[in-house]
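Here the structure is laid out as structure tokens; the discussion comes afterwards.
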Amino acid sequence: DAKTTQPTSMDCAEGRAANLPCNHSTISGNEYVYWYRQIHSQGPQYIIHGLKNNETNEMASLIITEDRKSSTLILPHATLRDTAVYYCIVRVDKIIFGKGTRLHILP
Amino acid sequence: DTGVSQNPRHKITKRGQNVTFRCDPISEHNRLYWYRQTLGQGPEFLTYFQNEAQLEKSRLLSDRFSAERPKGSFSTLEIQRTEQGDSAMYLCASSPLWPGSTDTQYFGPGTRLTVL
């Protein structure tokens, strides 16, 4: 079973920051937090990952709480192309996907 | 394009037929994963290879399923005597495994199988 809990769906206005929460209260010390997204009918796309420090790349920022029991993925300026299912995953090797959060970007 | 490629992208077959899918990973990625995704669900792990060795198989991988990676490069997934329940998207992912890497998996576009 997936070790993460995410809201089923979220809405965000175009141009605003999208903040997607994830709970992973049973995360182990050697497990990374990964985020992927899946646009309809495509393969999952890697977004970002982190262990305990906050991370930022060209796509998003990842904020991990100090106790590592939760994290937030931030898309700084959401566009319509960011409409997708976003998966938060904690893992060492193989990925166990949950149901993810369906993010709707509203024009 | 240097990403993971999968062929065919779509396959329609009749129940009872055998099908084979191919995955070409990113060059020099030594880990290769197979997943299956049914409608409305997240992808489910099937199996993975490190180079040519198959290291883990999910209990979802019944005896009708076989995966190979003969030379540690491309991989094939074969389903024998297909059933309607095999209809799904079959996803392949690859990742590097060398000192300092974190085994980030990169996915291909998938092969959508429809069993009539």
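These numbers were taken from a predicted model, which means no experiment stands behind them. Proteins come first, then strands; the chains are lettered A, B, ... in the order of their sequence lines, and each starts at number 1.
Atom CD of B:Gln105 is separated from atom CZ of A:Arg91 by 4.5 Å, given to the nearest 0.5 angstrom.
There is no contact between A:Gln45 and chain B, counting heavy-atom distances below 4.5 Å. When heavy atoms are compared at a cutoff of 4.5 Å, B:Gln6 does not approach chain A at all. Both the backbone and the side chain of B:Pro43 have a heavy atom closer than 4.5 Å to some heavy atom of chain A.
Counting heavy atoms from C-beta outward, B:Tyr35 and A:Ile95 have side chains that approach closer than 4.5 Å. Side-chain contact between A:Tyr32 and B:Thr104 is absent, with no heavy-atom pair separated by less than 4.5 Å.
A 6.0 Å sphere centred on CZ of A:Arg16 holds no more than 12 heavy atoms belonging to other residues, nucleotides or ligands. Counting heavy atoms of neighbouring residues, nucleotides and ligands inside a 6.0 Å radius, atom CZ of A:Arg102 does not exceed 12 of them. Heavy-atom contacts from other residues, nucleotides or ligands closer than 6.0 Å to CD of B:Glu56 number more than 12. Heavy-atom neighbours of B:Leu39 CG from other residues, nucleotides or ligands within 6.0 Å: at or below the threshold of 12.
A:Ile63 and A:Val33 are members of different hydrophobic clusters when ILVMFWY side chains are connected at heavy-atom separations under 4.5 Å.
Residues A:Gly43 and B:Leu91 share a closest heavy-atom pair of CA-CD2, 3.8 Å.
Sorted by first and then second residue, the pairs that involve residues 41-55 of chain B and meet side chain to side chain donor-acceptor pair (under 3.5 Å), not counting sequence neighbours, are A:Lys99-B:Gln41, B:Arg31-B:Gln50, B:Thr47-B:Gln54.
Highest contact tally toward chain A, considering only B:Met89, B:Arg112, B:Gln37, is held by B:Gln37 [criterion: heavy-atom pairs under 4.5 Å].
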